[in-house]
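Working notes for the structure below.
Numbered from 1 within each chain, the chains take letters A, B, ... in sequence-line order. Only a predicted model underlies this, so the values are computations on that prediction, with no experimental measurement involved.
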Amino acid sequence: MAGGRVVEGMRVRFAPSPTGFLHVGGGRTALYNWLLARHSGGAFILRIEDTDTARSTQEYYQAIVEDLKWLGLDWDEGPEVGGPRGPYFQSERAGSYGPAIERLIADGSAYRCFCTKEELEERRGRAPKEGRDWRYDRRCLELADEERERLLKSGAPASVRFRVPDGATVVDDLILGRVEFDNSELDDLVIARTDGTPTYNFVVVVDDLEMGVTHVIRGSDHLSNTPKQVLIARALGGTPPTYGHLPLVLAQDGKVLSKRRGAVAIGEYRRSGYLPEALMNYLALLGWAYDGVQEIFQPDELVEKFEVGKVSRKPAAFDPDKLLWMNEQWIKSLPVSERTDRVLPFLTGEGLIEAGVAGEERDRLEKIVETIGDRLKTLNDITDQAGFFLASDVIYDSMSVKKVLAKPGADETLAGLQRILEGAPDFEPETLERIIRAHAQERGLSLGKLVQPVRVAVTGRTASPGIFETLSLLGRDKTLSRIEDARGLTNE
RNA sequence: GGCGCCAUCGUCUAGCGGUUAGGACGCCGGCCUCUCAAGCCGGUAACACGGGUUCGAUUCCCGUUGGCGCUACCA
């Protein structure tokens with residue numbers, strides 16, 4: 001095994017393959033591994049399983065790393081940070097696998113197999129017709145020595161199979177508990193292909209052993225791989241890690257979440273204005289609960305309270321509604337200044353403000369954010385909510401115009417308001433409220449009757465933050481000119 | 001088919017032999033109110049089924065049914 005200093009305690013890893021974007025299921029797996037490592041004070045390792053060169057890409061790798069960082073996860077060993085037990089790209093670890101395979105062949109734990117893919121397919125296809133289950137028939141294990149020699153010398157292509165021993169293999173799973181597999185159910189799996197490259201089930205074992213991985217949290221779709229990996233680890237003279245198999249994340253229809261079934265990439269949530277804290281919070285609660293009551297957890301609180309043993313064994317459906325609610329809760333809890341910071345990229349992205357706002361402009365922006373208040377479910381909602389504050393022209397919603405401005409008396413109402421506002425001593429919300437309320441009383445109108453036409457006039461729609469704050473923020477000039485413009489839309 | 005995992009409101013879950021089965025999302029209604037949100041109050045809705053064990057099962061055991069996963073020279 002490679003030398004180097006090793007962190008005491010748990011060594012936990014997350015090992016994505018860069019063959020697609022990180023989606024919520026993978027994100028949750030990464031999170032649980034990270035939480036386990038951080039909770040125990042151990043090391044969190046990121047390893048990239050990029051042996052499938054046909055499907056792995058640099059773009060996916062970068063996106064995964066970016067998404068993990070955005071989510072708030074960090075790693076002690078892995079890409080970008082290095083570590084004593086690298087390299088952390090599987091594609092760079094080829095040197096470890098060959099000798100390990102030779103060792104297994106030498107001590108009889110593995111053997112060469114000359115069966116071709118076609119032969120295997122043929123035999124496999126025949127099995128069910130004959131009412132048998134297919135398992136590799138060990139034809140090449142039972143080869144006479146001379147025959148094996150002959151084939152080897154003839155240069156016949158050979159794969160290497162692991163010889164599954166008799167007996168049973170017990171997996172003491174952190175989440176599932178004790179699971180027992182009868183070894184007779186297991187195939188003599190191929191650990192090295194005809195071209196010499198090692199397969200996943202072998203590579204993972206060697207890497208975990210060499211990296212000193214002690215704990216692995218992964219999807220339960222790997223559960224049936226586990227006895228094979230445990231057996232290989234032991235044949236290699238190592239101690240397999242402790243596993244915890246996470247029930248899969250389901251889509252709303254109860255099917256497993258996958259890339260082509262509504263699985264949304266983590267990056268997609270970032271782009272639509274979700275807070276990483278909210279997504280982390282939601283993902284943590286998807287299959288784990290602290291006391292069944294608390295819903296909002298700070299990241300460090302999750303680290304403190306998370307226990308793998310309490311993870312549910314039941315597959316959990318991903319609920320976008322609840323995630324949205326949680327995002328809203330998180331946005332709401334942000335102080336105005338920070339909320340403004342977070343909303344900034346969405347505003348610039350939409351061209352509503354220029355990058356690098358400062359000074360008075362920044363102050364005004366904070367006031368806008370404050371005024372919009374709890375009306376943001378996602379950060380991206382800001383573009384819709386703040387548009388009329390920031391854009392020079394109002395976009396009039398035709399339904400709102402029809403419902404309010406095109407009604408009889410609207411023009412008169414606006415004209416009256418124009419006069420009042422022109423004469424307003426100042427444009428503070430309190431002042432505006434005072435004079436507008438007084439005006440309503442004078443004219444015998446309900447406040448609502450008076451306010452809605454102005455609202456549509458200055459915001460372009462029937463729904464907006466409080467009208468007095470809105471007018472105040474807009475200022476006298478803009479308010480008056482917009483009312484003037486809007487009078488052109490009335491029926492008079 | 002074989003092997004494995006799972007089973008409490010529509011969804012996420014609490015429960016660890018005795019509870020009016022709790023919370024959250026959603027939905028519905030009300031209050032508040034200048035609109036929309038938010039907030040507050042209330043409501044809706046669950047132990048898959050059948051056997052055991054037990055004085056007593058949501059809880060423990062077995063089975064049935066159902067869902068899901070794996071069954072590659074993919075990872």
Side-chain angles (χ1 to χ4, degrees), chain A residues 15-17 19 49-52 54-56 90 113 115-117 120-121 124 127-128 131-135 157-161 171 173 175-177 179-182 184-187 189-201 203-204 219-227 245 247-248 250 252 254-256 282 285-296 312-326 328 332 372-377 381 385 400 404 433 436-437 440 446-452 454-456 459 461-468 470:
Chain A
S17 61
T19 54
E49 311 225 319
D50 56 351
T51 46
D52 186 350
R55 293 192 300 148
S56 298
Q90 220 158 45
C113 174
C115 299
T116 67
K117 221 169 178 173
L120 290 167
E121 263 161 35
R124 186 182 299 132
R132 300 177 288 117
D133 302 328
W134 165 258
R135 219 153 293 137
S159 61
V160 178
R161 284 182 185 274
V171 176
D173 194 278
I175 295 165
L176 265 20
V179 186
E180 188 172 330
F181 297 86
D182 192 324
S184 67
E185 297 293 337
L186 272 31
D187 233 3
L189 64 149
V190 170
I191 57 176
R193 303 183 184 92
T194 318
D195 67 5
T197 57
T199 58
Y200 164 77
N201 274 308
V203 161
V204 158
S220 64
D221 49 341
H222 284 286
L223 182 58
S224 32
N225 285 328
T226 307
H245 287 92
L248 301 175
L250 310 177
Q252 294 265 276
K255 302 285 186 196
V256 172
Y282 176 74
L285 256 30
L286 192 60
W288 173 80
Y290 174 60
D291 58 7
V293 175
Q294 185 177 350
E295 301 278 343
I296 304 296
S312 168
R313 292 185 301 275
K314 190 185 150 195
F318 186 82
D319 183 357
D321 283 339
K322 183 138 189 187
L323 171 57
L324 188 62
W325 171 81
M326 200 161 264
E328 188 189 349
K332 225 184 305 192
I372 289 167
D374 294 341
R375 273 162 271 246
L376 302 176
K377 283 184 191 292
D381 286 348
Q385 292 282 340
S400 302
V404 179
E433 175 155 15
I436 291 175
R437 277 189 190 279
S446 71
L447 193 58
K449 280 280 179 210
L450 206 54
V451 149
Q452 279 307 79
V454 201
R455 172 169 278 122
V456 177
T459 71
R461 46 179 134 178
T462 52
S464 85
I467 195 65
F468 310 116
T470 300

### Task
For D319(A), check side-chain hydrogen bond (donor to acceptor under 3.5 Å, both in side chains) against everything at least two apart and list the hits.
none
### Query
Want to settle it: does L248(A) or E185(A) sit nearer the 5' end of RNA chain B, counting the closest nucleotide to each?
E185(A)
### Query
Which nucleotide, in any strand shown, forms a Watson-Crick or G-U wobble pair with rU64(B), with both distances under 3.5 Å?
rA48(B)
### Message
Taking any heavy-atom pair under 4.0 Å as a contact, classify P315(A): base, sugar-phosphate, or nothing.
### Response
sugar-phosphate
### Query
What does D195(A) touch in the nucleic acid at a heavy-atom separation under 4.0 angstrom: a base, only the sugar-phosphate, or nothing?
nothing
### Message
Does the protein touch nucleotides 22-40 of chain B at the base, only the backbone, or not at all? Give it as B, S and - per nucleotide, heavy atoms under 4.0 Å.
### Response
BBBS--------BBBBSS-
### Interatomic distance where CD1 belongs to I191(A) and P belongs to rA72(B) [whole Å]
17 Å
### Between rC5(B) (P) and D182(A) (CG): distance, integer Å
13 Å
### Query
Has the side chain of T194(A) got a donor or acceptor atom sitting under 3.5 Å from an opposite partner on the base of rC73(B)?
yes
### Query
Quantified in whole Å, what is the P atom distance between nucleotide rG67(B) and nucleotide rG22(B)?
30 Å
### Nearest-angstrom distance, P atom, rC16(B) to rC28(B)
34 Å
### Query
Using a distance-only test with no angle check, is there a side-chain donor-acceptor pair under 3.5 angstrom linking T199(A) and N201(A)?
no
### Query
Which residues satisfy the ring-ring contact (aromatic ring centres under 6.0 Å, His included) test with Y290(A), sequence neighbours excluded?
none
### Query
For H245(A) and rG69(B), are the ring centres under 5.5 Å apart with planes inclined under 30°?
no
### Query
Y282(A) vs F318(A) aromatic rings, parallel, tilted or perpendicular, using cut-offs 30° and 60°?
perpendicular
